[in-house]
Number of protein chains: 2
Amino acid sequence: MDNPDTRFDQMLSRLRLRGFRLTPQRIAVLRILSASEGHPGAEDIYTQVKNEFPTTSLATVYKTITLLKELNEVLELGFSEGGNRYDGKNPFPHPHLICVKCKKVIDADLESLGDLTEELTQDTGFEILSHRLDFFGICPDCKGEGK
Amino acid sequence: MDNPDTRFDQMLSRLRLRGFRLTPQRIAVLRILSASEGHPGAEDIYTQVKNEFPTTSLATVYKTITLLKELNEVLELGFSEGGNRYDGKNPFPHPHLICVKCKKVIDADLESLGDLTEELTQDTGFEILSHRLDFFGICPDCKGEGK
DNA sequence: CTTCATGCAAAACATTTGCAGCTGG
DNA sequence: CCAGCTGCAAATGTTTTGCATGAAG
């Protein structure tokens, strides 16, 4: 409907620039990460890639994700249960709303975080490099259904 | 030096009140969690408990932690790498400063979080139940040493 | 062509679970 | 006494790794 997938092109050209090979499997992972709204997990990505390239292995998905993390082209949301989730559209730290029922992950930008960071730097002497902010709750959809 | 360990007594009596058995191993885990400043991991707790009760198993440590989580007497900080960490002194969600070099975890209260929560509730329709806020950086100690 | 990526299977971890035997209340 | 806890070992789930084969550039 709107303009071409700029984020996908961006990721592609950055890999090419650094001399990484653009294999079909890799490209498929890039496309999924650059396009998906839903913060997919490794298994989700694997399932989708297999639709296009049935021989793809889960290990290759992980290897591609690892590569993209090193290049700062994907944000990893680590969880101790249920596997990690990935954001390829906006690979910089930003707040998330996570539904504890359906496990949906939604972006939620809050400008005021920068202020907190400066405040903490001054109060504690920490050199703050990054952050992670998640809110857990029940999304409108899940509040509607059932109990 | 100061008054008796109120938090430890609190945890003890809450377990007793609900009819859970106070075994030596369990009590040792409670004491460590109620007293430690450093947000220990399961393995750390296990090591410390074994000093007092050498036959203790790691499984028992995990089982005790699981019990305390269910009773909301400990806060679990889940990480995808390096194992989870636990806060028994303040089991309610609060911000942490995490040193990426020495893995130290320091508490960092910020009042303004409540405002953000309300703002998000209104903007998104999410019913927010909990949150997690961590800042990653380099602590003053680690900035001093080496590079 | 040569190097790098893939795919398989096995390894690595943190955590959980099943179960026989022990023990706190 | 006996329900609930412990300790062992095996299972689990996710992510990583080693290595031979295969394909990108």
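Lettering follows sequence order; numbering is per chain, from 1. Values reported hereafter were calculated over all heavy atoms of this structure, with side chains retained and with hydrogens, waters and symmetry mates removed.
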Look at [X] and [N] and indicate whether a side-chain polar atom (N or O) is within less than 4.0 Å of OP1 or OP2.
X	N	answer
A:N84	D:dT14	no
B:R21	D:dA3	no
A:T60	C:dA5	no
B:T23	C:dG24	no
A:Q25	C:dG7	yes
B:Y62	C:dT16	no

### Message
Students often mix this up, so state it plainly: with edges at 30° and 60°, are the rings of A:F135 and B:H131 parallel, tilted or perpendicular?
### Response
tilted
Between [Y] and [X], is there a salt bridge with N-O shorter than 4.0 Å?
X	Y	value
B:D134	B:R132	yes
A:R85	A:E76	no
B:D141	B:K101	no

### Side chain of B:A42 - closest among C:dG7, C:dT15, D:dT15
C:dT15
### Query
If Ile, Leu, Val, Met, Phe, Trp and Tyr residues are connected whenever their side-chain heavy atoms lie under 4.5 Å apart, and connections chain through other members, are A:L77 and A:I45 in the same group?
no
Specify the separation, in whole Å, of atom [atom1] of [X] and atom [atom2] of [N].
X	N	atom1	atom2	value
B:E70	D:dC5	CD	C1'	15 Å
A:E43	D:dT15	CD	P	9 Å
B:F53	D:dC5	CZ	P	17 Å
B:L22	D:dC5	CG	P	10 Å
A:L67	C:dT6	CG	P	9 Å
B:R26	C:dG24	CZ	P	12 Å
B:R85	C:dA14	CZ	P	13 Å
B:Y46	C:dA14	OH	P	13 Å

### Query
Which residue lies toward the 5' end of DNA chain D, B:F20 or B:A59, if each is placed at its nearest nucleotide?
B:F20
### Task
Report the residue (B:S57 or A:L58) whose heavy-atom-nearest nucleotide on DNA chain D is the more 5′ of the two.
B:S57
### Query
Less than 4.5 Å apart, any side-chain heavy atom of B:Y86 and any of B:I65?
yes
### Task
Side-chain contact test, heavy atoms from C-beta onward, threshold under 4.5 Å: evaluate it for A:T60 versus A:R26 and give yes or no.
no
### Task
Assess the side chains of A:H94 and A:D109: does a donor N or O sit below 3.5 Å from an acceptor N or O?
no
### Query
With Watson-Crick and G-U wobble geometry limited to distances under 3.5 Å, how should the secondary structure of DNA chain C be encoded in dot-bracket form, using | for bases paired to another strand and [ ] for crossing pairs?
|||||||||||||||||||||||||
### Query
Under 4.0 angstrom, heavy atoms only, what part of the nucleic acid is B:S80 near: base, sugar-phosphate, or nothing?
nothing
### Message
Assuming nearest nucleotide by heavy-atom distance, tell me which of B:P24 and B:K63 is located more 5' along DNA chain C.
### Response
B:K63
